[in-house]
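Lettering follows sequence order; numbering is per chain, from 1.
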Number of protein chains: 2
Amino acid sequence: MNRTLKRARTQDQKFFRRQQILEAAEQHFDEVGYEAFSMANLAKLAGVVKGTLYLYFKTREEVFLTLYNQSLSRWSETFLGSCKDKMSDRDYVSTLYTTAMADAHFVPLLARLEHVIEHNVSIESLIESKRHFISRVEHLAGAAAPILSLTPSQSLEMVKTMGVLLVGATRTDQGPSLQGEDIPEDVQALMDSFSSEHLFIKNACRIIQGIRTTTG
Amino acid sequence: MNRTLKRARTQDQKFFRRQQILEAAEQHFDEVGYEAFSMANLAKLAGVVKGTLYLYFKTREEVFLTLYNQSLSRWSETFLGSCKDKMSDRDYVSTLYTTAMADAHFVPLLARLEHVIEHNVSIESLIESKRHFISRVEHLAGAAAPILSLTPSQSLEMVKTMGVLLVGATRTDQGPSLQGEDIPEDVQALMDSFSSEHLFIKNACRIIQGIRTTTG
DNA sequence: ATGTTTAAATGACGTGCGGTCATTTAATAA
DNA sequence: TTATTAAATGACCGCACGTCATTTAAACAT
């Protein structure tokens with residue numbers, strides 16, 4: 001944190017302070033995850049007092065929504081940077097999965113977006129977030145069409161569907177850790193059979209195949 | 001609630017009181033949903049005091065886990081009761097979707113199972129719930145195999161995958177209501193394009209097709 | 001250089017949550 | 001009728017999010 005900045009007066013300074021809070025929020029999220037994330041601890045980490053946070057974010061969930069928007073941008077850039085001109089369906093979805101899982105914030109926030117986050121943000125922020133989402137989806141779809149030999153509308157449907165599948169498939173990864181607990185064989189076998197990677201890649205390929213054989 | 005029962009001494013009476021609490025919990029959940037569900041209000045509805053709840057459930061999430069287990073049983077019975085001897089893929093997944101959405105508790109609780117609920121229950125309850133889940137999945141898979149002309153292992157994979165897809169596809173339904181808000185056209189169009197019914201049915205069919213053409 | 005104005009920052013505070021536990025008391029056993 | 005048991009109670013704890021009257025740093029006017 002910048003010690004010399006005691007008070008933000010100009011728009012630039014306010015933007016800087018907001019970024020300072022967001023950086024602390026990322027760190028706090030890394031350290032404790034979604035459930036244990038608290039505004040009091042965020043304030044300490046950011047070097048401000050709790051009330052100050054509410055000058056820059058209306059609610060706790062507006063912080064999360066901002067982190068989500070950032071992580072969506074970050075991941076989509078990383079993903080597109082990892083794509084080749086031509087890829088097999090399998091390579092494409094595998095790259096998508098790997099880059100998504102590599103981002104510490106993207107999937108956990110995406111998974112809670114509609115259930116929790118969107119329920120406590122202003123409509124303005126919600127609309128802004130949806131618009132941002134649209135632009136990323138269109139960007140991803142535009143890039144995917146030539147890679148996978150899909151029509152534009154097929155590609156758009158594909159990208160939307162990948163999001164749905166990603167959330168569903170990564171659910172099991174979000175359960176409690178169970179490290180050191182002794183889990184009965186049958187239960188352990190069940191959980192192993194829900195490997196998110198396998199679930200996602202296999203079904204993503206099936207869906208792309210299905211989309212490709214559709215007049216879209 | 002039974003006014004004559006002041007104190008539950010026998011196991012039967014304790015079971016009855018537990019049921020009484022669970023019925024109030026269902027009602028409370030119907031009325032306010034997941035986020036606004038509170039133990040204090042549950043106690044009032046159940047006609048007991050808050051501390052009493054914790055004689056029957058270790059945590060708030062153990063109440064939710066129990067409601068989830070109940071809703072899984074209830075839905076799977078309803079669903080199987082709606083199935084015919086032979087069905088097209090489309091009819092099968094459409095029936096699955098309709099019956100799942102008709103249950104007010106099943107999808108909302110399923111969506112929060114790993115993210116929230118499982119993080120604050122005892123391991124015993126967790127294992128019990130997983131075992132219950134296994135038995136329902138196997139039951140559903142056994143019933144589906146002849147209906148859809150799948151091998152047993154194909155059918156098992158199909159049922160597991162339907163759960164994943166159901167959670168992903170119904171995400172959009174869990175967002176804030178936005179009744180009466182004026183949403184810009186582009187954002188409204190985006191949300192309309194994520195119709196959970198369309199998403200689920202279309203992709204479920206694609207996945208079943210994919211599974212069927214796999215040696216499994 | 002000094003006084004005035006502005007709004008960023010503060011932190012004590014309100015409300016409500018999940019969860020605990022010493023105490024009360026209804027039902028059973030002696 | 002009395003002693004025992006444990007179900008039920010409700011006051012209490014710590015902590016969360018979010019508010020707002022007050023303080024004060026910085027820009028502006030004189």
Roughly how far apart are [X] [atom1] and [Y] [atom2], rounded to 0.5 Å?
X	Y	atom1	atom2	answer
A/Lys58	A/Leu53	NZ	CG	14.5 Å
A/Glu118	B/Thr172	CD	OG1	10.0 Å
B/Lys202	A/Ile207	NZ	CD1	12.5 Å
B/Glu62	B/Ile117	CD	CD1	11.0 Å
A/Thr161	A/Ile208	OG1	CD1	9.0 Å
B/Leu65	B/His132	CG	NE2	10.5 Å

Test ring-ring contact (aromatic ring centres under 6.0 Å, His included) applied to A/His105 and A/Tyr68, A/Phe29, A/Phe64, the passing residue = A/Phe29
OP1 or OP2 of D/dC17 under 4.0 Å from side-chain N/O of A/Arg60 | yes
Is there a side-chain polar atom (N or O) of A/Asn120 under 4.0 Å from OP1 or OP2 of D/dC17?
-> no
Tabulate protein N/O versus nucleotide N/O from nucleotides 3-6 of chain C, keeping only pairs under 3.5 Å, one per line.
residue: C/dT6; atom: O2; partner: A/Arg9; partner atom: NH1; Å: 3.4

Evaluate the criterion side-chain hydrogen bond (donor to acceptor under 3.5 Å, both in side chains) for residue pair B/Gln19 and B/Glu23; output intermediate values, then yes/no.
-> CA-CA 6 Å; B/Gln19 284 307 116; B/Glu23 278 165 34; 4.8 Å; no
From the options C/dC17, C/dT25, C/dG19, select the nucleotide whose nearest atom is closest to the side chain of B/Ser38.
-> C/dC17
Are A/Arg206 and B/Glu157 within salt-bridge range, i.e. N to O under 4.0 Å?
-> yes
Note: A/Glu77-A/Arg136 ion pair, threshold 4.0 Å (strictly below) | yes
Roughly how many Å is it from [atom1] in [X] to [atom2] in [N], rounded to a whole number?
X	N	atom1	atom2	answer
A/Met39	D/dT19	CE	P	10 Å
B/Arg7	D/dA7	CZ	P	9 Å
A/Glu62	D/dG18	CD	P	10 Å
B/Phe57	D/dA8	CZ	C1'	16 Å
A/Leu42	D/dA16	CG	C1'	14 Å
B/Glu35	C/dG16	CD	P	18 Å
A/Lys44	D/dA16	NZ	P	8 Å
A/Leu53	D/dT19	CG	P	12 Å

For DNA chain C, find the residues of residues 63-71 of chain A with a heavy-atom distance under 4.0 Å and give them by number; none if there aren't any.
-> none
Contact class for A/Asn41 vs. all strands (heavy atom < 4.0 Å): base, sugar-phosphate, or nothing?
-> nothing
Quick one: label A/Tyr56 by what it contacts on the DNA or RNA (base, sugar-phosphate, nothing), any heavy atom closer than 4.0 Å.
-> sugar-phosphate
With a cut-off of under 6.0 Å to the ring centre and 45° to the axis, is A/Arg60 in cation-pi contact with A/Tyr34?
-> yes
Can you name the residues that form a ring pair (Phe, Tyr, Trp, His ring centres under 6.0 Å) with A/Phe194, not counting sequence neighbours?
-> none
Test ring pair (Phe, Tyr, Trp, His ring centres under 6.0 Å) applied to B/His119 - qualifying residues, sequence neighbours left out | none
Axis bend over the full length of the helix from C/dA1-D/dT30 to C/dA30-D/dT1, computed from five pairs that close each end, to 10 degrees = 20°
A/Lys58 or A/Ala36: which one's nearest nucleotide on DNA chain D is closer to the 5' end?
-> A/Ala36
Any protein N or O atoms within reach of nucleotides 10-12 of chain C? Criterion: under 3.5 Å, listing atom names and distances.
residue: C/dT10; atom: OP2; partner: A/Val49; partner atom: N; Å: 3.2
residue: C/dT10; atom: OP2; partner: A/Thr52; partner atom: OG1; Å: 2.7

In terms of side-chain heavy atoms, does A/Ser122 have a donor or acceptor partner in A/Ser125 at a distance below 3.5 Å?
-> yes
Comparing B/Tyr54 with B/Thr10, nearest DNA chain C nucleotide closer to 5' gives the residue B/Tyr54
Hey, does A/Lys160 have a side-chain heavy atom less than 4.5 Å from the side chain of B/Leu199?
-> no
